[in-house]
Amino acid sequence: MPILLYNNYEQLEIKEKQAKGEFTPHRNQDALSEALGKSDHLGRARGFGGVNVGVKRAFGKATSKPKSDHETIKAQLREELREEMREELKASMKANLPSILESMGLSTTLPSTTPSNHSQRSPPRQIELPHEKALPSELEEVLPPFEVETTCQLLLKDPESGAMYDVASATAYPPRENEVCHTVSLLPGHLKVKIQKVPDEFLGLPLPVPVPAFEIEAMENAIGTYVQWPTTLIRFSVEATPKVKKLKRMSPEMIFSNELASGLSASRKSPDIPDTIVDSLSQECEWLRTFVASMPDGDSFEVILDGTSFHYNENGKIQVDKNDISQFLRGAKLNISIIQVFMRALQHELNSNDKASKVGWLCPDTTSDTKIKSSTEEVNAYIFKAMNESVKSRNEFVLAPIFENDHWMLLAISVKNCTIYHFDSICLSLGRKIKMKTIVRHFFTRYKMCGNRVNRKEPLWKYVECAQQKGGLECGFYVMRYMFDLVSCCNDVSDLEKVCTSMSGDPFTDEQIDEIRDKWASYFTEHCV
C-alpha cells in the first residue's frame with residue numbers, strides 16, 4: 001500500500017509538470033510509466049481509449065531514418081565506368097578502322113548520313129577508290145554497261161593474303177543521275193546493289209560503305225536491303241549480263257555521267273527514252289510519248305487540282321513537264337506531280353460511280369519531308385483542316401501518299417478508329433522512322449482536345465505486309481497501285497482492315513504495274529492535255 005500511494009503521488013507530480021509544459025509524454029512514455037519507472041517496450045501491443053483513434057494519435061508520428069544512398073552511388077559509379085569504356089572503345093575503333101579498311105582494299109572515308117534533300121542535293125563526297133592494280137587481272141573488265149538490274153557477285157579482299165573472295169550474291173542497279181541509297185547520295189565509283197545471299201562464313205564482315213543510321217554495318221545486316229558497293233569489287237557473270245549496245249569501256253567516274261543516266265543511245269530526243277523501253281510501251285503509253293515528243297522543249301502541261309478534294313482554299317495548279325513524263329515512261333522514281341495526277345484520276349473515277357464521299361486525300365506536296373522541315377506549322381494547320389473536312393464529308397478513310405528520304409510510301413488513316421495503316425514497298429525490320437508520324441499524332445491530340453471522340457486513347461500505327469518492290473525505283477508505282485486497290489476494294493473501314501490483313505509481301509506483277517501506267521497515261525491524255 002505505501003508503494004502504491006507513493007506511485008500515485010509521483011504520478012500526480014508528473015501530471016502537474018505536464019500541465020505546466022515541463023514534461024511532454026511521447027508514445028508509451030506517459031506519467032504512469034514515468035512514476036513506475038518502466039521503460040517503453042516499442043515492440044509490444046498497446047491500448048488507447050477514445051473515439052476514432054488512429055495510429056498517429058495513439059503512438060505519434062513515426063520518425064523515419066534517412067535512406068542510405070549507397071545504391072545510388074554504386075549506380076552512378078557503374079554508369080561513369082561504362083561511359084569511360086565506351087569512349088575508350090570509340091577512340092580505339094576510330095584509330096584502327098582506317099588501317100583495317102585500307103588493308104582490305106576498301107574506301108577509308110565513310111559517307112555522310114545526313115538525309116539528302118529532294119530539291120537540292122549536295123555533291124557526293126570525294127573518296128579514294130581502291131586501286132585497280134591491286135585487283136586480279138580478270139577483274140579489269142568487271143563493269144560492262146547495262147540498263148536493267150543485273151545479278152552479280154560482290155567481292156572483298158582478304159587483308160592478310162590479298163586474295164579476293166565472293167562474299168555475296170546480289171542484284172546491281174544501273175547508274176542513274178542523283179541516285180541515293182538510304183538517303184545518302186552514291187559515292188563516285190560505287191553502284192547501288194541489293195544483297196540476296198551471304199555465306200555463313202562471311203556474315204560478320206563489315207560493309208565497304210556502312211549505314212549506321214539504319215544499323216546496317218555488317219554483311220548479316222544487309223541481306224535483303226540496299227547498300228553501296230565499289231564498282232571494282234563487283235563481278236558480273238557472262239550469262240547474267242544483259243545484251244545491250246556495245247559501248248567503249250568507261251571508268252567508274254564516267255558511268256555516272258548524265259549521258260548514261262538519261263538512257264543509252266536513245267534515238268528520240270523528246271522525251272529521252274531508251275529504244276528498248278520504247279519498243280515495250282503499251283498503246284496508251286506510246287500515244288502519250290508521241291504526243292509529248294511533239295511539244296517544244298521547255299513547255300509543260302498545267303493541271304488543275306480540285307480545291308475541295310485536296311482541301312485547298314482554292315483550286316491548285318501543278319506543272320507536268322517532259323522530264324516528269326520521261327521518268328514515268330522509263331520506270332524511274334516519280335515526281336510528286338505524277339502522283340497528284342493519279343489521285344485526281346482516282347477521284348474522277350469515284351465521282352463517276354457516286355462514291356465521292358468514300359475517300360479523302362492529303363496532298364503529297366504539302367506532306368513531303370521538305371515541306372515539313374521548312375514549314376512545320378503550315379503542315380500541321382493543313383493536316384488539321386483536311387482531316388476535319390474529311391470527317392465532315394463522312395470519308396471512311398484518308399489516303400496520304402508521302403515522300404520522305406527519297407522514298408514513296410502510303411498512309412491510310414481512319415480518324416474514327418484512330419488507326420493508321422502504313423504501306424511501305426521496302427519494309428525495314430525495325431520500321432521506318434518518318435516525320436509524318438509526329439504530324440499525325442499531333443493532329444489526333446488537337447482533335448480530341450476540341451471535344452471530338454475517337455475509339456482509342458492513342459493512335460494505333462499498323463505496318464501492312466504489302467507488296468515489296470524488286471528494284472530500287474518502283475516505289476512511286478507501288479504507291480499508286482496501293483491506292484488503286486484500296487479505292488477499288490474498300491467501301492468502309494471494315495473493308496480496309498480486311499484488305500490490309502489479306503495482302504502479302506510478293507512483288508506486283510508486270511501486268512499489275514502496266515495497268516497503273518496505262519490508267520495514268522489514258523487519263524492524262526484525255527482529261528489533262
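Nothing fancy with the numbering, it's 1 onward along the sequence. We use all heavy atoms of the structure for the numbers below, so side chains are in, but hydrogens, waters and symmetry mates are not. Model, not experiment: these values are computed from the prediction.
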Say whether, by atom type as modelled, one donor and one acceptor occur between the side chain of [X] and the main chain of [Y] under 3.5 angstrom.
{"X": "K358", "Y": "V487", "result": "yes"}
{"X": "T171", "Y": "T150", "result": "no"}
{"X": "R517", "Y": "F328", "result": "yes"}
{"X": "E302", "Y": "S300", "result": "no"}
{"X": "T419", "Y": "N417", "result": "yes"}
{"X": "R235", "Y": "L154", "result": "no"}
{"X": "D324", "Y": "V320", "result": "no"}

**Prompt:** Has Q283 got more than 12 heavy atoms of other residues, nucleotides or ligands less than 6.0 Å from its CD?
**Reply:** no
**Item:** More than 12 heavy atoms of other groups within 6.0 Å of K385 NZ
**Value:** yes
**Request:** Identify the heavy atoms of Y382 and W361 that sit nearest to each other, and give their distance.
**Result:** OH-O, 4.3 Å
**Contact summary for T376 and I372, nearest pair of heavy atoms** = OG1-O, 2.6 Å
**Message:** Could you measure the distance from the OG atom of S282 to the CH2 atom of W287? Nearest 0.5 Å is fine.
**Reply:** 13.5 Å
**Asked** Looking at Y421, F423, F342, W408, which one forms a ring-ring contact (aromatic ring centres under 6.0 Å, His included) with Y482?
**Response** F423
**Geometric cation-pi criterion, R344 with Y523: 6.0 Å, 45°** = no
Lys/Arg N to Asp/Glu carboxylate O, [X] vs [Y], below 4.0 Å:
{"X": "K322", "Y": "D299", "result": "no"}
{"X": "R441", "Y": "E458", "result": "no"}
{"X": "K519", "Y": "E349", "result": "yes"}

**Close aromatic pair by centroid cut-off 6.0 Å: Y173 and Y226** = yes
